[in-house]
2 protein chains.
Amino acid sequence: MTKVDPRLPRYQQIRDDIAARIAKGEWRAGDAIATEAELSSSYGVAIGTVRRAVDELANDGLIERAHGRGMFVRRADFSTSLFRFFRLGTGDSRPVIPESRILSRSLETPSVETRAKLGLGRKDNAVRMIRLRMDEGRVLLREEIWLSARLFGPILDMEVEQLMPLLYPAYEQHFGRIVARARERLRVETASPDIALDLGAATGAMVVRMERLAIDHADMPLEWRISHGLADQFVYEVDVH
Amino acid sequence: MTKVDPRLPRYQQIRDDIAARIAKGEWRAGDAIATEAELSSSYGVAIGTVRRAVDELANDGLIERAHGRGMFVRRADFSTSLFRFFRLGTGDSRPVIPESRILSRSLETPSVETRAKLGLGRKDNAVRMIRLRMDEGRVLLREEIWLSARLFGPILDMEVEQLMPLLYPAYEQHFGRIVARARERLRVETASPDIALDLGAATGAMVVRMERLAIDHADMPLEWRISHGLADQFVYEVDVH
DNA sequence: GAGTGGTCTAGACCACACT
DNA sequence: GTGTGGTCTAGACCACTCG
């Protein structure tokens with residue numbers, strides 16, 4: 001087992017090792033991982049110990065267990081993201097992927113904050129994209145997306161179709177970078193002139209600002225995204241206990 | 001075991017039964033429940049099966065396990081509530097319970113919406129309280145609280161001190177009603193004149209509106225609460241994957 | 001029918017808390 | 001030391017999937 005803490009219980013070592021093997025790409029999203037029996041014999045532990053390890057991985061959403069079929073690497077779907085709380089005025093709740101329109105792509109000198117978020121050095125450049133998310137012709141969100149030019153520079157010259165409809169699969173397919181999770185932050189502000197223009201609203205309109213830092217399995221920041229949407233289309237729901 | 005589905009696996013039956021016994025008040029918040037060995041013999045299953053059941057209860061936050069000491073009924077602390085994302089301008093993050101000031105208590109005819117939320121009949125009255133949550137003299141939140149008059153009527157005549165600093169312990173102590181969980185909803189709006197006045201802001205200021213329906217173990221709604229706070233003091237953070 | 005995960009058992013031994 | 005929960009074993013049998 002590669003560099004797992006030997007003081008930890010065996011089931012945690014096994015959990016960490018399987019997670020590392022997935023992160024390393026030994027099993028990719030959608031793949032079936034080894035069976036319980038195989039893992040039991042290859043790790044040299046009882047099957048109950050393997051079960052304890054994979055139970056935790058399933059709980060954390062890293063794998064999915066399918067009775068009679070096997071255990072599969074789960075693709076991150078960000079179903080809990082703040083984005084899904086944006087609704088059109090009609091408020092019907094079909095789970096659609098809104099269509100995207102990329103307005104611009106450019107090479108920029110990032111701000112201090114963007115550099116900090118992406119872990120860039122003083123001289124590093126960054127790719128900036130502006131994208132609209134729409135549904136039935138109405139603009140839902142206006143997104144400002146920042147990427148390290150060193151990692152993602154070629155994205156500037158790619159065909160737009162290769163970046164549709166979702167960016168994360170494109171990051172994986174063309175750059176081998178897998179978004180494992182993200183940290184999101186939400187606040188309320190008034191729309192600046194360019195944001196208001198893109199959203200089809202008046203300058204100073206109430207907007208929700210969502211920031212997202214997307215991270216890979218090795219905790220490396222991949223993408224910094226600032227999204228704006230009209231506040232009156234936002235309803236967030238959560239259960240607490 | 002009282003009315004648990006016999007088609008379910010034993011460990012789930014046991015989990016449901018223990019949850020029911022807690023809900024029924026057989027063990028109260030802070031109490032130690034029976035030990036694994038006791039549960040194992042009283043339910044007539046192996047200790048591993050009991051462990052599976054209590055593991056799930058601990059995972060759901062209903063009990064806490066303490067190595068060498070026992071298993072304890074957890075008190076709901078609502079640490080994930082939207083409330084905790086309100087910060088003063090200074091943004092320091094000590095976990096304080098803001099002081100409360102109850103502005104009014106009255107018996108009212110509830111609106112159709114309030115009746116629906118609390119499950120009240122056409123002729124039922126309701127208790128309405130207005131409360132401010134403050135920190136260092138600054139108003140953080142303005143809360144409008146609705147309760148069934150049939151269940152909580154005597155609260156109108158109680159000493160204010162008995163309702164301080166938190167309401168949920170008072171519900172439990174004086175009325176035997178335990179808040180088990182809550183559903184919260186967040187949106188953004190502009191402040192009405194009375195809300196603006198209480199928050200010390202101008203009418204039309206951007207505010208965050210938080211609705212909360214608090215529920216007991218038997219899924220009965222206990223309290224309907226509408227809270228408002230200044231939007232520029234609100235920052236919500238969440239991890240997604 | 002062969003292979004997979006899901007449930008359950010009856011123990012052993014370890015680590016922690018209290019007195 | 002006694003009692004508690006935490007880890008781990010080596011099986012048995014069941015339920016589901018697929019060829």
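Note that these values count all heavy atoms, side chains included, but never hydrogens, waters or copies made by symmetry. In what follows, every chain begins at residue 1, and chains take the letters A, B, ... in the order their sequences are listed.
The CD-C1' distance, from A:Glu56 to C:dG5, rounds to 18 Å in whole Å. If you take CD1 of B:Ile14 and P of C:dT7, they are 13 Å apart, rounded to a whole angstrom. In this structure, B:Leu39 atom CG and C:dT9 atom P are separated by 14 Å, rounded to whole Å. Rounded to whole angstrom, the span from the CD atom of A:Glu64 across to the C1' atom of C:dG6 amounts to 17 Å. The CD atom of B:Glu36 sits 11 Å away from the P atom of D:dT7 (whole-angstrom rounding).
Considering only heavy atoms from C-beta on, B:Ile18 stays 4.5 Å or farther from B:Leu62 through its side chain.
Contact between the side-chain N/O atoms of A:Arg51 and the OP1/OP2 oxygens of C:dG6 is found at a separation under 4.0 Å. One finds no side-chain N or O of B:Arg69 lying less than 4.0 angstrom from the OP1 or OP2 phosphate oxygen of D:dG3. Taking only side-chain nitrogens and oxygens, A:Thr49 comes nearer than 4.0 Å to OP1 or OP2 of D:dT9. Taking only side-chain nitrogens and oxygens, A:Arg52 never comes nearer than 4.0 Å to OP1 or OP2 of D:dC8.
With D:dT9, C:dT4, D:dG11 as the candidates, the nucleotide lying closest to the side chain of A:Ile47 is D:dG11.
The residue B:Val54 sits apart from the nucleic acid: no heavy atom pair falls under 4.0 Å.
Ranked by how close their nearest DNA chain D nucleotide is to the 5' end, A:His67 and A:Arg10 are led by A:Arg10.
Look at B:Glu211 and B:Arg209 and you find a salt bridge, because one of the NZ, NE, NH1 or NH2 atoms lies within 4.0 Å of a carboxylate O, short of that distance. Classification of B:Asp31 and B:Arg75 as a salt-bridged pair fails, no side-chain N sitting under 4.0 Å from a carboxylate O.
Judged by Watson-Crick or G-U wobble contacts below 3.5 Å, the nucleotide C:dT19 has no partner.
B:Tyr168 and B:Phe78 have their aromatic ring centers within a separation under 6.0 angstrom.
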